[in-house]
Amino acid sequence: MENKKNIIEKSYNASSTEQKIYDFWENNKFFKFDEKSKKKVYTIVMPPPNITGALHMGHALDLTLQDLVARYKRMTGYEILWIPGTDHAALSTEAKVVEMLKKRGVSKTKLGYEKFMEECLAWKNKYGNKITQQIRKLGASCDWSLERFTLDKGCSKAVNEFFVRLYNKKLIYRGKRIVNWCPNCNTSISDIEVDFKESESELVYLKYFLHNDAKKFLVVATTRPETIFGDVAVAVNPSDERYQNFIGKEVIVPISGHKIKVIADEYVDKNFGTGVLKVTPAHDFADFEIGQRHNLENVNIINKNGTLNEKCGNYSGLITSKARKTIIDELESKNLLVKKEKIKNNVGKCSRCNCTIEPLISTQWFLKMESLAKPAIKVVEDKSINFVPERFSKIYMHWMNNIKDWCISRQIWWGHRIPAYYCKDCEHITVSPNKIDFCEKCKSKNIFQDNDSLDTWFSSALWPFSVLGWPEIPEKFLRCYPTDLVITGYDIIFFWIARMIFSSIELTGKIPFKNVVIHGLVRDAQGRKMSKSLGNGIDPIEIIEKYGVDALRLTLVTGLTLGNDTRFSEKKIEGSRNFINKIWNAARFLKISNENIISKIEFENLSIYDKWMLNKLSNTIQEIQKNMEKFEFGMTIQKIHSLFWDDFCDWYIEFSKIDFKNNLSNLNTCCYVLCEILKILHPFIPFVTEKIWSFFNNNALAISNYPEFNSNFNYEQDSKCVENIIAIIRAIRIKRNEMNTPHNKKINIFISTKFEDLITKNSDKIKKIADVNNIYINKKINDDKILTCALDFANIMIPLQDLTNQDELNLKLKKELEDLRIRIDKNKNLLQNKNFIEKAPTDVVENIKNNLNSDEKKYSVLLNRFNPEPKN
RNA sequence: GGGAGCAUAGCUCAGUUGGUUAGAGCGCUUGCUUUACACGCAAGAGGUCACAGGUUCGAAUCCUGUUGUUCCCACCA
């Protein structure tokens, strides 16, 4: 016995096993994409994680789901192309590197462009490696020989090509426009990188005196009085009767003293404040548009570091928030302030650093969206691209329909440098995919490249096809594009999914992927977002070290519904650990029962229990394959859980135990079923299933094929017999429990039934599992104190001398009878309803009839409880 | 202001096209160390499926409204 125990250790040690198994897979090229393979290809786009930090729970979920599909598809006969990679994360990485340099006492500008880029590259090598190791730890079955980076040569080539083509089509343009400026990051950012947060602001009412009429003034309400130096007009609604006389006249801006016109514009809301709006086109998006409509000048008064500039007199050099306070004081002292009131409004914050955004005029590169959006809308509308869950297509559509031009240039170094070259002699701009040293127009060599770089999402947008070699069109691209699947969180639909779609259509003429599977965020036990500031983040790597990655994966998928947020907690992972432990122990039990066990079915030797199990197995496989095809992972795991735990362990193994030792055929069938279960679990928990698999397959790793529905296992008749046996055992157990009969007290039972043969043949199982001493079938019972349990095919009677406690019994019986009565009446009514009989499907009606029948039988049996003569 | 989701057992959530007696995990109660597993086994308590209408033979499921709640988009100075 001691020796046998050593065959499989008493419990599974994940941490010592997982690394070895992954190495084995990788070394044996299990995940390698075979270009020559004749199989159908299934391509998954891996969202490249940022190199800025470590993988978090969101990545763990994301990669788990992808790997699940990859492994499932691989097992069902596809050639999988799943290319891993990392993202250079332009702004985030640059900020981290700047911070790191700062600690060393070095500044970015002092270091210079070349050296700084080297520092960034060193960062990438260090943290990028860490991340790819972590992706391996999660078990991702991607092809590492194809690993990419968004800033590598191929991606850069794609980016330049993209830029040049769209520039030539005039879809990329350079312009002086109002943009979101982050004074802290010192760069422009795009609209979706601004988060609006509600905050309490002060709305101040200022007097703008009429020029040439010192008695009259307009009152303007503003939350940003410090921008008055940039005022170029005052606007009222054209239909506002209060201000008709002012339109066209000039007013004097307080403190600044410059004169501006009163204009009329529909945009102005008569009901807000005083209905008079100061127009500052250089520092407000709405004002900018008013300015465009009225041909107003843009007066920039804020520096890029967030201070007021030289146009602001005494206030120049002050940071805007400070200037605001000071200027209110001055206005108050000069009696130019009418009143102040507190209001709640939304203030734009930089999504990366949370600093208040200063809208300001700046020369930037933009991508014109209108013509790109149209086909991108169409492909989702006509379902060429399929969102799962479907509702996210609405969100996508709404965004695409209201899209504005995308500001793509960033005033940072780490990223794809904009491939535009300015001629100092003729001012011509040459845009070229390759580095050039003379102006294409005047041939002057006096040129310089644009210092800015591109938004990090500009390269991510090309990821699905740039990793396939685009702009070249290699065989791989032709075969694998469009890809089949991308899985990601709903938080990056706009940043990434949307941009991949329009970029791909524009450049390749194809959609980038057929399916977009959207998952939610992983939250903590209380449902809060995991965040650094809250300190509630759970490191997936720590969890893996403690419980193993299989337990982590299983926890993330259990109960998952796509598109919804999930919660992660230590408690939940314990459930997964228990499940894995249970599988381990079931396998161990089979193996120590007989070392020669193999996965094999001897059809001629199958018992009804074997057939029942095989039937269940086959039905479940059929169901879960449908679930897997629809990406219903939570549902799949729930069904496998129930098959394994309830059917296989609690019933099938228990039935089998009785003659395990001398029935290898039965044991082998157990092994077969377990191995099939291992296969369907493998995509979810690849490591432990692989390990257990090896015990039954000559220590060889590699679960390779997915089981299929097997019509040979369609044993409905025999299954029904086993269901009946189970029903008898359950009934006995219930009564035993009701009477508080301890496990070691064996009882005698009497059964009256027409299935005498079945029960006789299987009495050993019933006796063993229900702790029964003797079973008397269709025998007269000479005791009037009897506990009766009525099934639709048998009445079970237990002499009360075997049990204890009588009073409770009557109460329970009464309740049981009442419940039965209610059901019987309900079903009787239903069957009398003509409409129901006519309109309901026949099988539903049949079921109701059967139920009514057996309920009525049960009812009469229970009523005659103390008159329990067998009535056959 | 516009849009979307959610509301089911004490907690976290499933419930796939409407169809028998609405499920799971955790927690709780009772009894068990019975030839894998106490990370286990057996049994049990606990739900007017948010509310009000409607469609239907039949509604947790479909429709309308109400309330509560979460999120996304817009950004009224």
Side-chain angles (χ1 to χ4, degrees), chain A residues 8 10-11 192 194 196 203 220-224 227 235 267-269 271-273 276-280 284-287 343 345-348 389 391-392 394-395 398-399 402 490-491 493-494 520 525 527 558-561 563-567 569 571-572 574-593 623 626-627 630 632 634-635 638 641-642 649-650 653-654 657-658 660-661 730 733-738 740-744 768-771 819 822-823 826-827 830 833-841 843-848 850-852 855:
Chain A
I8 298 184
K10 192 142 189 200
S11 62
I192 44 175
V194 180
F196 285 91
L203 186 65
V220 174
T222 180
T223 51
R224 301 207 58 190
T227 63
Y267 171 80
V268 181
D269 180 355
N271 300 319
F272 188 90
V276 186
L277 172 72
K278 72 186 204 60
V279 182
T280 320
D284 183 284
F285 281 84
D287 291 10
I343 58 156
N345 69 343
N346 288 324
V347 176
R391 71 184 136 96
F392 287 100
K394 280 188 222 162
I395 293 169
H398 182 258
W399 189 74
N402 295 289
Y490 59 69
D491 51 332
I493 293 175
F494 305 142
T558 299
L560 181 85
T561 30
N564 286 1
D565 292 348
T566 46
R567 297 186 183 201
S569 64
K571 199 100 213 162
K572 258 180 116 176
E574 274 172 22
S576 306
R577 183 198 54 182
N578 296 353
F579 183 47
I580 290 167
N581 183 255
K582 183 88 176 170
I583 303 164
W584 181 266
N585 272 296
R588 178 168 167 268
F589 180 56
L590 297 188
K591 191 74 180 175
I592 61 180
S593 295
E623 282 177 37
K626 284 182 198 152
N627 291 130
K630 290 192 277 184
E632 292 165 347
M635 186 62 88
Q638 189 183 312
H641 187 282
S642 158
C649 291
D650 291 348
I653 289 189
E654 292 304 318
K657 262 180 186 174
I658 290 152
F660 244 18
K661 293 270 150 62
R730 280 218 168 102
R733 279 175 171 174
I734 288 169
K735 293 301 167 195
R736 290 183 62 104
N737 261 290
E738 275 176 9
N740 277 339
T741 318
H743 175 260
N744 53 11
K768 178 79 171 71
I769 298 177
D771 298 303
D819 289 350
I822 291 168
R823 257 164 57 195
K826 197 178 149 195
N827 284 343
L830 202 52
N833 186 332
K834 230 179 160 185
N835 275 322
F836 173 71
I837 304 287
E838 277 167 16
K839 291 180 183 172
D843 58 322
V844 173
V845 178
E846 276 309 301
N847 272 331
I848 300 277
N850 290 339
N851 286 339
L852 181 62
D855 280 351

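Protein chains get the first letters and strands the later ones, always in sequence-line order, with residue 1 at the start of each.
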Q: Roughly how many Å apart are rU8(B) and rG3(B), using the C1' atom of each and rounding to a whole number?
A: 26 Å
Q: If I take atom CD in residue Glu738(A) and atom P in nucleotide rU30(B), what distance separates them, rounded to the nearest angstrom?
A: 17 Å
Q: May I ask which nucleotide in the shown strands pairs with rU21(B), Watson-Crick or G-U wobble, both distances under 3.5 Å?
A: none
Q: Once you apply a heavy-atom cut-off of 4.0 Å, does Asn833(A) come out as touching a base, just sugar-phosphate, or nothing?
A: sugar-phosphate
Q: For Lys834(A), report the nucleic acid contact type (base, sugar-phosphate, nothing); a contact means any heavy atom under 4.0 Å.
A: nothing
Q: With heavy atoms under 4.0 Å as the rule, sort Glu632(A) into base, sugar-phosphate or nothing.
A: base
Q: Nearest to the Lys394(A) side chain among rU21(B), rC41(B), rG5(B), which nucleotide is it?
A: rG5(B)
Q: Taking atom C1' in both rC11(B) and rU67(B), what distance in whole Å separates the two?
A: 24 Å
Q: rU35(B), rA14(B), rU21(B): which one has an atom nearest the side-chain heavy atoms of Met635(A)?
A: rA14(B)
Q: If you measure from the C1' atom in rC13(B) to the same atom in rU21(B), how many Å do you get, rounded?
A: 22 Å
Q: Mind checking Arg577(A) for me? I need base, sugar-phosphate or nothing, with any heavy atom below 4.0 Å counting as a touch.
A: base
Q: Using a heavy-atom cut-off of 4.0 Å across all strands, would you classify Glu654(A) as base, sugar-phosphate, or nothing?
A: base
Q: Rounded to whole Å, how long is the line connecting atom NZ of Lys10(A) with atom P of rA36(B)?
A: 9 Å
Q: Do the side-chain N and O atoms of Tyr267(A) and Asp287(A) include a donor-acceptor pair separated by under 3.5 angstrom?
A: no
Q: Just how far, in rounded Å, is P of rC41(B) from CD1 of Ile653(A)?
A: 11 Å
Q: Quote, to the nearest angstrom, the C1' distance that separates rA22(B) from rA60(B).
A: 8 Å
Q: Is the shortest side-chain heavy-atom distance between Lys10(A) and Arg588(A) below 4.5 Å?
A: yes
Q: Students often get this wrong, so: under 4.0 angstrom with heavy atoms, is Phe494(A) touching a base, only sugar-phosphate, or nothing?
A: sugar-phosphate
Q: Look at the side-chain N and O atoms of Tyr267(A) and state whether any lies under 4.0 Å from the OP1 or OP2 oxygen of rA77(B).
A: no
Q: Taking a pair as Watson-Crick or G-U wobble with both distances under 3.5 Å, which nucleotide is matched to rG27(B)?
A: none
Q: Is rG65(B) paired to anything, Watson-Crick or G-U wobble with both distances less than 3.5 Å, and if yes, which nucleotide?
A: rC51(B)
Q: Quick check on rC41(B): is either OP1 or OP2 less than 4.0 Å from any side-chain nitrogen or oxygen of Lys582(A)?
A: yes
Q: Is there a donor-acceptor contact under 3.5 Å from the side chain of Asn585(A) to the main chain of Asn581(A)?
A: yes
Q: Where do Ile395(A) and His398(A) land on the side-chain contact (heavy atoms from CB on, under 4.5 Å) test, with the steps shown first?
A: CA-CA 5 Å; Ile395(A) 293 169; His398(A) 182 258; 5.9 Å; no
Q: Sort out the partner of rG40(B) for me: Watson-Crick or G-U wobble, both distances under 3.5 Å, none otherwise.
A: rC32(B)
Q: Hey, does Ile8(A) have a side-chain heavy atom less than 4.5 Å from the side chain of Ile592(A)?
A: no
Q: Base, sugar-phosphate alone, or nothing: which one does Ile848(A) contact when heavy atoms must sit under 4.0 Å apart?
A: nothing
Q: When we call it a touch if two heavy atoms are under 4.0 Å apart, what does Asp650(A) touch: a base, just sugar-phosphate, or nothing?
A: sugar-phosphate
Q: Just how far, in rounded Å, is P of rG58(B) from CD1 of Ile837(A)?
A: 14 Å
Q: Could you check whether His743(A) gets within reach of a base, just the sugar-phosphate, or nothing at all, counting any heavy atom under 4.0 Å?
A: base
Q: Between rC75(B), rA43(B), rC57(B), which nucleotide has the shortest distance from any of its atoms to the side chain of Ile734(A)?
A: rA43(B)
Q: Asp771(A) CG to rC41(B) C1': how many Å, rounded?
A: 11 Å
Q: Taking atom C1' of rU16(B) as reference, at what distance in whole Å does atom CD of Glu623(A) sit?
A: 10 Å
Q: Is Lys826(A) close to Arg823(A) at the side-chain level, that is, under 4.5 Å between some pair of heavy atoms?
A: no
Q: Of Ser11(A) and Val268(A), whose closest RNA chain B nucleotide lies nearer the 5' terminus?
A: Ser11(A)
Q: Report the distance from atom CG of Asn345(A) to atom P of rA77(B), rounded to the nearest whole Å.
A: 5 Å
Q: Does any N or O in the side chain of Arg736(A) come within less than 3.5 Å of the main-chain N or O of Asp771(A), such that one atom is a donor and the other an acceptor?
A: yes
Q: Trp399(A) versus Ile192(A): any side-chain heavy-atom pair under 4.5 Å?
A: yes
Q: With the side chain of Asn346(A) defined as its heavy atoms from C-beta on, choose the nearest nucleotide among rA77(B), rC75(B), rA14(B).
A: rC75(B)
Q: Between rU33(B) and rG18(B), how far apart are the C1' atoms? Round to whole Å, please.
A: 48 Å
Q: Remember a base hit wins even if backbone is also touched, and classify Thr561(A) as base, sugar-phosphate or nothing at under 4.0 Å, heavy atoms.
A: sugar-phosphate
Q: Report the base-pairing partner of rC75(B) (Watson-Crick or G-U wobble, both distances below 3.5 angstrom), or none.
A: none
Q: Assign Arg733(A) to base, sugar-phosphate, or nothing according to its heavy-atom contacts below 4.0 angstrom with the strands shown.
A: sugar-phosphate
Q: Output a table of nitrogen or oxygen pairs between the protein and nucleotides 6-12 of chain B separated by less than 3.5 Å.
A:
{"unit_1": "rU12(B)", "atom_1": "O3'", "unit_2": "Arg567(A)", "atom_2": "NE", "d": "3.4"}

Q: Would you mind classifying the nucleic acid contact of Ala840(A) as base, sugar-phosphate or nothing, using non-hydrogen atoms under 4.0 angstrom?
A: base
Q: Between rC75(B) and rG10(B), how many Å separate the two P atoms, rounded to a whole number?
A: 44 Å
Q: Given rA36(B), rC76(B), rU34(B), identify the nucleotide with an atom nearest to the side chain of Lys768(A).
A: rU34(B)
Q: Starting from C1' on rC39(B), measure out to NZ on Lys571(A) and report it in whole angstrom.
A: 12 Å
Q: If you only use heavy atoms from C-beta on, which nucleotide in rC39(B), rC57(B), rC73(B) is closest to the side chain of Asn581(A)?
A: rC39(B)
Q: If you apply the rule salt bridge (Lys or Arg N to Asp or Glu O under 4.0 Å), what do you find for Glu738(A) with Lys735(A), and how did you get there?
A: CA-CA 5 Å; Glu738(A) 275 176 9; Lys735(A) 293 301 167 195; 3.4 Å; yes
Q: Mapping Asp565(A) and Phe589(A) to their closest nucleotides on RNA chain B, which lands nearer the 5' end?
A: Asp565(A)
